[in-house]
Amino acid sequence: MASKTTIIAAVVSVIGALLLIMGLIVEPVTRNHLEMAVPSFSSLQSASSPIFSAWMGDPSQSVRYVTFYFYNVTNPEIVRYFQGTPALAMVGPFTIREILRKTNITWSPDGAEVSYNLEYEYESVVAPCPFNWTSKFHWGSDVICGLPPDSTVITTSNVPLLMVVEHFQNRGWPEDEAMNHFINYINENFGPEDLLLTSNVTSLLFGYNDALFSKVNELIRTCDDKLNDFCYRLKIFEKTQFFSMLRSNEPKDNGLPSSVLTGKNAMQRVGQFTQWRNHTGSVQIWNGTCANVDPATALKFNEQANKLQGGDTILFSPLPAPDTPQVFWSPDLFRAFPLIQTDTDTYHNLNVNVYTADPNFFANSSLVPEHCAFDLDFLPGVQNLTRVYNSPIFLSNPMFSNGDLEYLHNVSGLTNLHGAQTEFWIEPFSGLAVASWTRLQMNARFMPDPMINVLKHIRRGGFFLPVLAGEAYTHLDGDVISALQSTFGDPMTSASNARLAGIITGSFMMAIAVSLLIVVRTRQSTVAAEQMPLLVNV
């Protein structure tokens, strides 16, 4: 007959085993249950969706700060005549708040798509600086950023001049009276001293009336674009006299509509663009020569480069498969931007996946053959956006991070800064980016031209001059964070705690049960030994 201790050990063992099993299954069961809540939580099928206000740009729920660092040329006379290496000093940081609002929201008849117009405005704010480019560490909360005073003056690339010159430089157009007149005007009024401009930071950010833009508009009014291709192409600058790094209080997409999927037919594609700035399916911007591949492959590369992929920087694919990149569409780069998971972290009691930019994103076509479609026939590390901005503008990571070291060697004052690339923290169930840091650097490319005085002193092959580095820091707040916590964060935390408690308690109880059985067995062995006779009769 089983002893009392044996019965207790058996009961403890059974309870311990049950707790251990519950600990092992509670998290997967909870996860499966939460996955069922994703379609109703992350859908864009109606304004009642928990994420809709944040996706729409409600400033109480989606907070966005843009921080700028300008590169000040400290040896302008040497740069203007290219007698040495440009020396740069970073000026900043300067921070403003950017409010992006989706307006004119309309659902398709079947509810599978939602269209909108994107509008934005900037507010002057005093806020903690989000990032320190020079030290690679986040600022402390006691370091404050805001707009610079008007007395903050820098010397930098004369981007408006480069924009106008680029429009007819190396185009192969036949010389005519209008074109020669314009070149003569530039040579008479602009020299090497105008290669750079000196201005206060506020004017560069928010705009100023540019004299060259005004002259272009005079030319447009006096020449016949029906007879002159040069005049016709200059019309891109018509009514453009105002230059700014930002366009304050204007429709960011010039009133052009965009459309995204609502998740009705496939939650994995919720928030992805079907139309962006009036481009449907494809942007038709990129048309690289791809000389090193056959025509069929070149066509495929160009089609892929122009294809609309991903959505904006708020909503990504929910429940991504392991090792699957997330993708967003970059309005600055006019191309899809892949992100690779590199870590995990927590944000307001939410487990998040940490994604960073693909290190090969700015690789040239010798490293990534399909990048030939983006005109990336340069050293790795820059994106050629001349086609997009009608100006020799190239974007890169700050400090040319992950790029060829020659970019750093061609200027002084920059450091080899690793890790200053774009980063997203994405809550995996909903697909919401609860925090993100989009980091880019704007660079101007200077090329020699013997016909134009301002450019004829530049060395053969030209050079890149950084203009500014920027970080757009976005984080979610308010009701949407509370909804994420109550729907996903709190249940997963409880499940995780229950799992840990079940495994620890169950294992402990199993250990106690085994110990009790060992004690019982030891006692039984001792009693049996004591009852054994000392002598055996023969």
Student: Just say parallel, tilted or perpendicular for the rings of Tyr473 and Tyr65, cut-offs at 30° and 60°.
Tutor: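 Rings of Tyr473 and Tyr65: parallel, as their planes differ by under 30°.
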Student: Only one of Phe378, Phe446, Tyr407, Phe394 passes ring pair (Phe, Tyr, Trp, His ring centres under 6.0 Å) with Phe463; say which it is.
Tutor: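 Between Phe463 and the candidates, ring pair (Phe, Tyr, Trp, His ring centres under 6.0 Å) is satisfied uniquely by Phe446.
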Student: With a 4.0 Å cut-off on N to O distance, would you call Lys300 and Glu370 a salt bridge?
Tutor: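 Result for this pair is no, no salt bridge flagged.
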Student: Can you confirm whether or not the ring centre of Phe328 sits under 6.0 Å from the ring centre of Phe337?
Tutor: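 Distance test on ring centres: under 6.0 Å, yes.
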Student: Side chains of Thr67 and Thr95: is there a donor and an acceptor less than 3.5 Å apart?
Tutor: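 Note: Thr67 and Thr95 side chains meet the donor-acceptor criterion.
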Student: For Ser396, enumerate each residue passing the side chain to side chain contact (heavy atoms under 4.5 Å, CB included) test, keeping only those at least two apart in sequence or located in another chain.
Tutor: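 Val382, Phe400, Gln441, Asn443.
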Student: Could you tell me whether Tyr71 and Tyr69 have their ring centroids closer than 6.0 angstrom?
Tutor: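 No, they do not, as the ring centres are separated by 6.0 Å or more.
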Student: If you count heavy atoms of other groups shown closer than 6.0 angstrom to CG of Asn292, is the number above 12?
Tutor: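 No, CG of Asn292 has 12 or fewer neighbouring heavy atoms, counting only those of other groups under 6.0 Å.
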Student: Which label fits Tyr120 and Tyr122: parallel for a plane angle under 30°, tilted from 30 to 60°, or perpendicular past 60°?
Tutor: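 Plane angle over 60°, so perpendicular.
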Student: Sequence neighbours excluded, which residues qualify as salt bridge (Lys or Arg N to Asp or Glu O under 4.0 Å) partners of Arg64?
Tutor: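 With sequence neighbours excluded, Arg64 shows a salt bridge (Lys or Arg N to Asp or Glu O under 4.0 Å) to Glu98, given in chain and number order.
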Student: Roughly how far apart are Gln284 CD and Asn302 CG, rounded to 0.5 Å?
Tutor: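 Output value for this atom pair is 9.5 Å.
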Student: Using modelled atom types only, decide if a donor and an acceptor are shared between the side chain of Asp358 and the backbone of Leu339 within a distance under 3.5 Å.
Tutor: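 Not at all, since once roles are kept as given, no pair shorter than 3.5 Å links the two residues.
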Student: Are Asn117 and Asn104 close enough that a side-chain donor and a side-chain acceptor fall under 3.5 Å?
Tutor: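 The criterion, which ignores hydrogens and geometry beyond distance, is satisfied for Asn104 and Asn117.
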Student: Can you give me the closest heavy-atom contact between Leu414 and Pro466, atom names plus distance?
Tutor: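 In this case the closest contact between Leu414 and Pro466 is CD1-CG, 4.0 Å.
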Student: As a test of understanding, state which of Trp329, Trp276, Phe374 forms a ring pair (Phe, Tyr, Trp, His ring centres under 6.0 Å) with Phe334.
Tutor: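 By the ring pair (Phe, Tyr, Trp, His ring centres under 6.0 Å) criterion, Phe334 pairs with just one of Trp329, Trp276, Phe374: Trp276.
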Student: So for atom CZ, which belongs to Arg97, do other residues, nucleotides or ligands contribute more than 12 heavy atoms lying within a distance under 6.0 Å?
Tutor: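 Yes - once you tally the heavy atoms of other residues, nucleotides and ligands closer than 6.0 Å, there are more than 12.
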Student: Given side-chain contact (heavy atoms from CB on, under 4.5 Å), test Asn75 with Val73 step by step and report yes or no.
Tutor: CA-CA 6 Å; Asn75 58 345; Val73 179; 3.7 Å; yes
Student: Could you state the interatomic distance from CD1 (Ile154) to CG (Leu197), rounded to the nearest 0.5 Å?
Tutor: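 It is 8.0 Å, given to the nearest 0.5 Å.
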Student: Using modelled atom types and a 3.5 Å cut-off, is there a donor and acceptor pairing between side-chain atoms of Ser157 and backbone atoms of Val467?
Tutor: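 Judged by distance alone, no pair lies under 3.5 Å.
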Student: Test Leu118 against Asp312 for side-chain contact (heavy atoms from CB on, under 4.5 Å), laying out the working first.
Tutor: CA-CA 11 Å; Leu118 185 64; Asp312 59 18; over 6 Å; no
Student: Which heavy atom of Tyr355 sits nearest a heavy atom of Gln341, and at what distance?
Tutor: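 Scanning both residues completely, I find the closest heavy atoms to be CD2-N, 3.3 Å.
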